[in-house]
Protein chains: 2
Amino acid sequence: MPVELTPSQALGLWHSVTLEQVRVDSRDLTLRQMAILLQIYLVPPPHTVRGLAATLGVTKPVITRALDTMGALGLVDRVRDERDRRNVVIKRTVEGALYLEKFGDLIINQGRRLPL
Amino acid sequence: MPVELTPSQALGLWHSVTLEQVRVDSRDLTLRQMAILLQIYLVPPPHTVRGLAATLGVTKPVITRALDTMGALGLVDRVRDERDRRNVVIKRTVEGALYLEKFGDLIINQGRRLPL
DNA sequence: GGCGATCGTTACGCAAGCGTTTCTTTTACG
DNA sequence: CGTAAAAGAAACGCTTGCGTAACGATCGCC
């Protein structure tokens with residue numbers, strides 16, 4: 001079920017969601033961090049540093065740093081892969097799921113509130 | 001005309017748009033910068049540093065710095081208000097309008113492409 | 001077993017953002 | 001006038017992110 005949006009609706013939605021998120025949340029995730037977080041929570045695991053780097057089209061240190069930051073915020077977790085100990089598997093956390101759930105609600109509510 | 005989204009659609013839309021934006025554009029605007037840019041282009045002028053700071057709930061230097069950065073990118077422009085020379089009026093640019101137009105298209109296209 | 005390849009991290013120097021405080025210019029108003 | 005208030009910018013020290021390059025740990029395979 002695709003979502004059909006007019007240009008005004010598309011940018012208006014982004015405007016109100018972004019604005020509200022800035023006002024409400026002190027955790028100011030960058031665009032890249034947000035992309036990584038959504039990728040981890042919306043795409044079936046497993047997720048690795050290398051895989052995320054390839055998906056986003058960025059270098060591996062970018063992923064490592066983003067995981068450092070978001071790990072400190074409790075939004076993601078890292079676990080060594082015991083089958084191949086070179087790999088690190090990125091795990092979801094309860095707090096991260098909660099964060100995205102609230103963010104999803106924000107999008108939905110701002111979508112409803114778009115000018116008629 | 002409100003936009004009705006399911007949680008899966010809301011986050012899925014954000015996911016694909018964010019991901020594509022990271023992949024396509026080297027200009028990595030922060031959430032705050034994006035909020036400022038959208039406010040300038042979607043809300044009727046005039047826009048001032050003080051007004052934007054109040055709207056976003058941040059301090060004035062945050063706005064000044066964001067305008068510095070986005071000004072260097074050609075996305076916005078600053079002009080002294082001749083009626084009250086203490087004020088600075090933030091102006092839109094052709095390049096900024098183009099940037100948001102392309103971004104709007106990205107949202108619309110990713111919305112259409114959401115899983116059925 | 002040894003050796004090249006792979007994975008993630010760390011180190012480095014640099015650029016950009018932050019909050020707080022201070023400064024400059026301009027206005028308002030007694 | 002002249003003095004206080006207001007708007008925006010600049011200064012300060014700090015934190016965080018960047019890209020490139022180098023590094024240690026682990027695997028695969030002969």
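Naming: A, B, ... by sequence-line order, numbering from 1 per chain. Computed over heavy atoms, backbone and side chain alike; hydrogens, waters and symmetry mates excluded.
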Please report the shortest heavy-atom distance between [X] and [Y], naming the atom on each side.
X	Y	value
Ala10(A)	Gly104(B)	CB-O, 4.0 Å
Ile107(A)	Leu5(B)	CG2-CD1, 4.0 Å
Val22(A)	Ala35(B)	CG2-CB, 4.1 Å
Thr6(B)	Ile108(A)	C-CD1, 3.9 Å
Gln110(A)	Leu13(A)	C-CD1, 4.1 Å
Thr55(B)	Arg23(A)	O-NH1, 2.6 Å

Rounded to whole angstroms, how far apart are CG on Asp28(A) and C1' on dG17(C)? 9 Å
Candidate list Val17(A), Val24(A), Leu29(A), test side-chain contact (heavy atoms from CB on, under 4.5 Å), partner Phe103(A), passing option: Val17(A)
Would you tell me whether Gln39(A) and His47(A) have side-chain atoms, one donor and one acceptor, within less than 3.5 Å of each other? no
Heavy atoms under 4.0 Å is the rule here; annotate nucleotides 3-8 of chain C 5' to 3' with B where the base is hit, S where only the sugar-phosphate is, and - elsewhere. ---BBB
In this structure, CZ of Arg32(B) is separated from CG of Leu19(A) (nearest 0.5 Å) by 12.0 Å
Among residues 65-73 of chain B, which residues get a heavy atom nearer than 4.0 Å to DNA chain D? none
Walking along DNA chain D from 5' to 3', note the first and the last nucleotide with an atom under 4.0 Å from a heavy atom of chain B, and give both. dA6(D) to dA10(D)
In plain terms, say whether Glu95(A) and Lys102(A) are close enough for a salt bridge, that is, a side-chain N and a carboxylate O under 4.0 Å apart. no
When we call it a touch if two heavy atoms are under 4.0 Å apart, what does Gln33(B) touch: a base, just sugar-phosphate, or nothing? sugar-phosphate
